[in-house]
Amino acid sequence: MRSPDAEVAVIGLGVFGAAVLWRLAAAGVDAVGVDQFAPGHGFGSSHGGTRMFRTACLEHPDLVPLARRSGQLWQELAEAAGEALFEPTGGVLIGPRTGHVVTGTIAAAHRHGLHVQVWDATELRDRLPRHAGIGEHHAGVWEPAAGLLAAEGAVRAAVRVAEGLGARVRTGTRVTGIELVPGGVLVHAAGGAVRARQVVVAAGAWLPSLLPGLPVRVLRVPITWFQPDDPAEGDRYGLADVPVFIRELDDGTCLWGHGVHSGTELKLGLEDHGGLLREMHPDGDDRQVGSDDWAALTRRLDTALPGLAATPSRAAVCMYPITPDRQFVLGSPGGDARVVVAGGDSGHGFKHATGVGEVVADLIRGVSPRVPVAFMHPDRW
Ligand SMILES: Cc1cc2nc3c(=O)[nH]c(=O)nc-3n(C[C@H](O)[C@H](O)[C@H](O)COP(=O)(O)OP(=O)(O)OC[C@H]3O[C@@H](n4cnc5c(N)ncnc54)[C@H](O)[C@@H]3O)c2cc1C
């Protein structure tokens, strides 16, 4: 290809693409980021105010090095942006002692020598009295390094810092297709194609529409915010009382969220590996949240986290693009270095985004990533 418009085109400026753009620009690579919306929008997977950061990754022990590196890079990004993006609050993973949340977290921590504390049921009840219904068979794993990342704020910061380092950004531009040509790619978009030597596809829930061969399904995930039933009780539901948590309930569902961070609301959600969450199309209009969405959650809150209003004060729809093994898709399909995919986040990717950005920038430049990534390769199916 003669005279490309950019060395690398990055499709999608959610948290993955924004971090990729930042790391490419930091490495001196000429890159252009393209998104159909503006960074920090609320139509993908990177909105909702906050995201949990933790390093003892129950989803896969090999994610721990990526999470640790991401933690360092979040700090670097915050310094470059001149704003706080991470609040170290500590976080707790709760559930049956033999359940996947507690055992997965402990396994990841032990494998990598992470500092965590394991609390038995008595200690859990003493330390976190807002969490009700704790039985003798329950335990908690406290990770002091966990905390809260800014969601939209982090996306905007990464894009802004990338632009400051020379990256270009085209917003309001929908990519309609990727065409492989000798020596590069044509990224077809409204307003004309972008010619680049390589493309990074960080399209979140839209990944299957650009690369249909990847086994990614999109789940619709409601996010809800609740106030205490009695407003005078607000002080008892702060982050110290309800720290960032994931709690596996005895029926196998997982409650997640955190106490009042800023304002007056707790942020809460519910998920499972079964039928609670339905599939959606990212371009569809299934974005209204109603009582059907929060009924399953509020039923469980009555016994697990009582004292909250019966209905949420706010709600939004987010999406999980999930893969069959619930690990990310990171690498070049078929080994073709012209295309690098960063997606399939399966609902646990935000914390890793800066590390993902660095891995992708390494792959683009033909450098071996410093953390294990083989288990996320797009050709593993
Ligand atoms: C409710 C909820 C809670 C979560 N909680 C956590 C948490 O606590 N901790 C954690 O680590 N992770 C969490 N996650 C997961 C995390 O938020 C995601 O892993 C992350 O946001 C994925 O980012 P992304 O950039 O891949 O996707 P997105 O943010 O969706 O970005 C994709 C971008 O691509 C753009 N795009 C797509 N197609 C095109 C096209 N054709 N042309 C132009 N632009 C295009 C979109 O407009 C979008 O901006 C949560 C997710 C949800 C839904």
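Numbering of ligands and ligand atoms starts at 1, following listing order.
- Residue A205 has no nitrogen or oxygen atom sitting less than 3.5 Å from a nitrogen or oxygen atom of ligand 1, judged on distance alone.
- No heavy atom of H47 sits closer than 4.0 Å to any atom of ligand 1.
- Scanning the protein heavy atoms around atom 30 (O) of ligand 1, the nearest turns out to be S45 N, 3.0 Å.
- Protein heavy atom closest to atom 47 (O) of ligand 1, with residue, atom name and distance, is D35 OD1, 2.7 Å.
- Around atom 21 (O) of ligand 1, the closest heavy atom drawn from S46, G17, G269, G40 belongs to S46.
- Among all protein heavy atoms, the one lying closest to atom 31 (O) of ligand 1 is G14 CA, 3.2 Å.
- Centroid-to-centroid, the aromatic rings of F328 and H352 come within less than 6.0 Å.
- Nearest heavy atom pair, residue L165 against residue A25, reads CB-CB, 3.7 Å.
- Within the 4.0 Å heavy-atom shell around ligand 1 one does not find G343.
- Between M319 and ligand 1, no pair of N/O atoms sits closer than 3.5 Å.
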Practice task
Take S313 and Q227 through the test side chain to side chain donor-acceptor pair (under 3.5 Å) and record every step on the way to the result.
Solution key: CA-CA 7 Å; S313 40; Q227 291 186 320; 4.8 Å; no
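- Closest of all the heavy-atom pairs between L277 and L270 is CD2-O, 4.0 Å.
- Near H348, the atoms of ligand 1 lying under 4.0 angstrom from a non-hydrogen atom of the residue are 10 (C), 11 (O), 12 (N), 15 (C).
- T171 and P39 get closest at one heavy-atom pair: CG2-CD, 3.6 Å.
- In terms of protein heavy-atom proximity, atom 16 (C) of ligand 1 is nearest to F350 N, 3.5 Å.
- Protein heavy atom in closest approach to atom 27 (O) of ligand 1: G204 CA, 3.6 Å.
- Counting only heavy atoms of the protein, atom 44 (N) of ligand 1 lies nearest to Q36 N, 3.0 Å.
- Within ligand 1, the atoms closer than 4.0 Å to a non-hydrogen atom of D345 are 15 (C), 18 (C), 19 (O), 22 (C), numbered from 1 in the order shown.
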Practice task
Any chance you could lay out the salt bridge (Lys or Arg N to Asp or Glu O under 4.0 Å) test for E76 and R23, step after step, and finish with the verdict?
Solution key: CA-CA 11 Å; E76 208 175 292; R23 293 320 299 164; 3.4 Å; yes
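- Geometrically, ligand 1 and V175 share a nitrogen or oxygen pair separated by less than 3.5 Å.
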Exercise for the section: Could you walk me through whether W119 and Q117 pass side chain to side chain donor-acceptor pair (under 3.5 Å), step by step? Expected result: CA-CA 6 Å; W119 298 339; Q117 295 169 21; 3.0 Å; yes
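- Looking from atom 5 (N) of ligand 1 to the surrounding protein, the closest heavy atom is R51 CD, 3.3 Å.
- When each atom of ligand 1 is checked for a heavy atom of G347 under 4.0 Å away, the hits are 12 (N), 13 (C), 14 (N), 15 (C), 50 (C).
- For G12, no nitrogen or oxygen atom sits less than 3.5 Å from a nitrogen or oxygen atom of ligand 1, counting backbone and side chain alike.
- Contacts between H352 and ligand 1, counted as non-hydrogen atom pairs separated by less than 4.0 Å, are absent for every part of the residue.
- The aromatic ring centroids of H348 and Y320 lie 6.0 Å or more from each other.
- If you look at S346 next to ligand 1, there are no close heavy atoms at all, none under 4.0 Å.
- Between F37 and F43, the angle of the ring planes lies from 30° to 60°, which puts this pair in the tilted group.
- Aromatic ring pairs are classed by plane angle as parallel below 30°, tilted from 30° to 60° and perpendicular above 60°; the pair H261 and H258 is perpendicular.
- A salt bridge is defined here as a Lys NZ or Arg NE, NH1 or NH2 lying under 4.0 Å from an Asp or Glu carboxylate O, and E358 with R69 meets this definition.
- Less than 4.0 angstrom separates some heavy atom of F16 from each of these atoms of ligand 1: 25 (O), 26 (O).
- Ligand 1 places these atoms under 4.0 Å from at least one heavy atom of G44: 30 (O).
- Residue contacts with ligand 1: M52 is placed with a nitrogen or oxygen under 3.5 Å of a nitrogen or oxygen of the ligand (distance criterion only).
- Close approach of ligand 1 to W206 is summarised as follows: ligand atoms under 4.0 Å from at least one heavy atom of the residue are 37 (C), 38 (N), 46 (C).
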Practice task
Just do the side chain to side chain contact (heavy atoms under 4.5 Å, CB included) check on I178 and V201 with the steps written out, would you?
Solution key: CA-CA 9 Å; I178 300 163; V201 190; 3.7 Å; yes
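- Using a non-hydrogen distance threshold of 4.0 Å, G48 does not register as a contact of ligand 1.
- Of all atoms in ligand 1, numbered sequentially from 1 with element shown, those under 4.0 Å from a heavy atom of I223 are 1 (C).
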Problem - Derivation of the salt bridge (Lys or Arg N to Asp or Glu O under 4.0 Å) call for R300 and D251 - result: CA-CA 10 Å; R300 287 164 175 86; D251 64 6; 3.0 Å; yes
Exercise for the section: Carefully, step by step, assess R197 and R338 under the rule side chain to side chain contact (heavy atoms under 4.5 Å, CB included). Expected result: CA-CA 7 Å; R197 301 238 180 255; R338 287 173 294 179; over 6 Å; no
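- Close contacts of ligand 1 with T173, meaning ligand atoms under 4.0 Å from a residue heavy atom, involve 42 (N), 43 (C).
- Every N/O-N/O distance between Y320 and ligand 1 stays at or above 3.5 Å.
- Of the protein's non-hydrogen atoms, the one nearest atom 53 (C) of ligand 1 is C318 SG, 2.5 Å.
- With respect to T55, the side-chain hydrogen bond (donor to acceptor under 3.5 Å, both in side chains) criterion is satisfied by exactly one of H112, E143, H115: E143.
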Practice task
Would you check, one step at a time, whether the test side chain to side chain donor-acceptor pair (under 3.5 Å) holds for H60 with D325?
Solution key: CA-CA 10 Å; H60 198 298; D325 58 6; over 6 Å; no
